[in-house]
Amino acid sequence: MLTTIYLIAIVAEAMSGALAAGRRNMDAFGVAVIAFVTALGGGTVRDLVLGHFPLSWTQHPEYIYLVIGAGLATILLARHLHHLKRLFLVLDALGLVAFSVIGCQVALAMGYALPVVVMAGMITGICGGVLRDVLCNQVPVVFRRELYASVSLAVCALYLGLQAVGVGQQIALPAAFGLGLSLRMAALWRGWKLPTFSYRERWE
Amino acid sequence: MLTTIYLIAIVAEAMSGALAAGRRNMDAFGVAVIAFVTALGGGTVRDLVLGHFPLSWTQHPEYIYLVIGAGLATILLARHLHHLKRLFLVLDALGLVAFSVIGCQVALAMGYALPVVVMAGMITGICGGVLRDVLCNQVPVVFRRELYASVSLAVCALYLGLQAVGVGQQIALPAAFGLGLSLRMAALWRGWKLPTFSYRERWE
Amino acid sequence: MLTTIYLIAIVAEAMSGALAAGRRNMDAFGVAVIAFVTALGGGTVRDLVLGHFPLSWTQHPEYIYLVIGAGLATILLARHLHHLKRLFLVLDALGLVAFSVIGCQVALAMGYALPVVVMAGMITGICGGVLRDVLCNQVPVVFRRELYASVSLAVCALYLGLQAVGVGQQIALPAAFGLGLSLRMAALWRGWKLPTFSYRERWE
């Protein structure tokens with residue numbers, strides 16, 4: 001079940017990466033790279049930070065074909081995709097929750113301390129988008145926009161908290177998805193944001 | 001033989017990195033860093049992704065001196081280098097092939113699946129240039145320009161294909177170099193490009 | 001003693017990262033990430049490059065709270081911080097020396113060759129700032145500004161040189177701090193710079 005959601009999510013992330021590449025007029029190869037990095041970059045950074053070798057995607061070469069295929073298909077489908085904007089936002093939110101939970105699971109299984117487990121969840125959830133934005137030469141949108149990383153944090157906290165008090169996966173997982181999806185959707189529809197910090201002074 | 005080509009290639013890559021640093025008015029230290037990253041960054045990312053520790057260049061400290069020396073020498077030689085533009089393009093193409101083949105060899109020796117082997121070859125071939133461009137604050141040129149990554153892909157495919165059907169190194173290697181060099185040169189002289197994907201719409 | 005300086009230094013680095021995030025109008029989450037990356041990113045890159053797992057900060061979750069707390073506190077304190085500019089420059093210089101020495105120690109303990117040990121020191125000293133600038137979408141200031149990386153290099157060379165001739169930690173450490181602080185302060189007050197390399201020609 002989590003795997004199915006994960007596969008849907010990496011396809012959605014790959015397509016969002018491909019659109020970002022198109023906004024920078026990249027060629028087909030650049031589109032494939034950005035699609036790959038957006039979909040699998042979060043898990044890659046997490047695995048590197050945790051020392052979790054071999055990296056997850058290297059053991060599932062089919063994921064490589066899936067995300068690159070999704071990226072290239074986006075080139076053909078691009079003109080129709082904006083009709084699906086809402087669907088994308090839902091899939092992206094699903095992916096954010098799935099990535100966060102999977103990141104926590106990997107770090108938990110390796111015996112890391114709780115704050116590191118939470119960071120592993122958040123890294124998995126947001127680093128794909130951060131790498132996409134760095135490669136597209138812009139300040140990562142996740143550092144500026146509506147609640148996104150905070151949703152990942154809330155999901156990790158709930159998922160780990162429920163497990164800590166003895167609640168099983170079959171309840172903790174749906175609870176995490178319920179919280180994450182509703183929080184993210186509410187943030188989008190209501191325009192919830194974290195306070196922004198603007199600092200003008202230059203010291204040099 | 002492959003090692004000799006590799007050494008020539010990292011010098012050429014280091015010098016191209018130094019020129020990119022000069023276009024950003026960096027100081028001597030920045031030049032040394034960008035030279036190092038351009039020449040050895042591809043292998044570094046490959047080793048990290050494959051979990052291939054210790055990293056290759058840490059076992060060959062002489063490479064560090066070589067690429068940093070080449071980068072700093074570029075500052076002195078810069079005004080004469082544009083006469084050598086064609087030579088550079090050939091050396092760069094040689095390097096692309098050598099890096100790609102070496103990347104495949106490392107991943108093969110570690111027992112990775114075929115798609116991962118190809119990706120290791122391409123990562124070695126192109127990530128140095130990607131890191132150079134990210135550190136110089138621009139969209140990586142390899143995602144937008146004439147055939148470059150595609151040459152790496154073709155080289156990896158031919159090299160691995162020949163080995164798969166039982167052809168030995170002494171034929172597979174020259175074949176890979178022959179294909180890679182002629183493809184890259186043809187792409188440069190004819191201006192071959194991959195189709196570009198331009199997407200204007202912003203959804204937010 | 002070195003640990004105390006290290007803790008002060010990561011707080012100072014986290015605050016400088018938070019101010020950089022404020023210059024890009026990031027939200028509270030972005031501030032926390034940039035603070036974290038600026039303070040602990042150098043050690044992270046060093047650990048990755050050396051294959052030093054688990055990463056240092058994952059074994060000290062209290063560092064995570066410390067740097068994120070310092071980053072968020074900076075939002076509240078920002079308007080008063082420019083009075084402390086000089087203090088910050090001293091703390092930052094302290095941090096540069098502490099990071100460099102610690103980086104050398106980690107690589108030495110793992111048995112790496114001398115040039116790699118020096119690079120580990122410099123990577124620890126400067127990569128936090130490089131990552132901060134890449135995430136804030138600007139050319140890393142350390143590649144362009146007054147003596148900074150050179151100070152790290154001098155500190156590593158002195159520290160390792162003294163140890164090589166049999167001088168103990170209790171002398172090598174203060175000597176490294178003495179040299180590093182005075183060199184950095186002199187560079188700041190006198191405006192010392194490395195020669196800059198400006199290259200205008202584009203070959204394409």
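Lettering of chains follows the sequences in order, A, B, ..., and the numbering in each one begins at 1.
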Ranking B:A28, B:G51, B:G22, B:C136 by heavy-atom pairs under 4.5 Å to chain C gives rank one to B:G22

Is the shortest side-chain heavy-atom distance between B:P61 and C:Y112 below 4.5 Å? no

Problem - Aromatic ring proximity, centroids under 6.0 angstrom, C:Y148 and B:F29 - result: no

All heavy atoms of C:M119 vs all of B:W57, minimum pair found to be SD-CZ3, 4.0 Å

When rounded to the nearest 0.5 Å, the distance separating CG of B:L55 from CG of C:L50 is 8.0 Å

Turns out that what part of C:M122 lies under 4.5 Å from chain B's heavy atoms comes down to side chain

Practice task
State whether a side-chain donor-acceptor pair under 3.5 Å links C:S198 with B:N25.
Solution key: yes

Honestly, the part of B:E62 sitting under 4.5 Å from a heavy atom of chain C is neither

Ranking B:V134, B:I75, B:L89 by heavy-atom pairs under 4.5 Å to chain C gives rank one to B:I75

B:T74 and C:F197 have their tightest heavy-atom pair at O-CZ, 4.3 Å

Under 4.5 Å to a heavy atom of chain C? For B:I34 that would be side chain

Distance col, row C:Y199:OH vs B:R24:CZ, nearest 0.5 angstrom, shows 15.5 Å

Closest non-hydrogen contact found for B:R23 with C:R200 is O-NH1, 3.9 Å

Separation between CG (B:N137) and CZ (C:F143), nearest 0.5 Å, reads 11.5 Å

Distance col, row B:L48:CG vs C:L48:CG, nearest 0.5 angstrom, shows 6.0 Å

Nearest heavy-atom contact between C:V139 and B:M26 is CG1-CE, 3.7 Å

Between B:I64 and C:P115 the two heavy atoms that sit nearest each other are CD1-CB, 4.1 Å

Scored by heavy-atom pairs under 4.5 Å with chain B, the best of C:I126, C:V116, C:V130 is C:V116

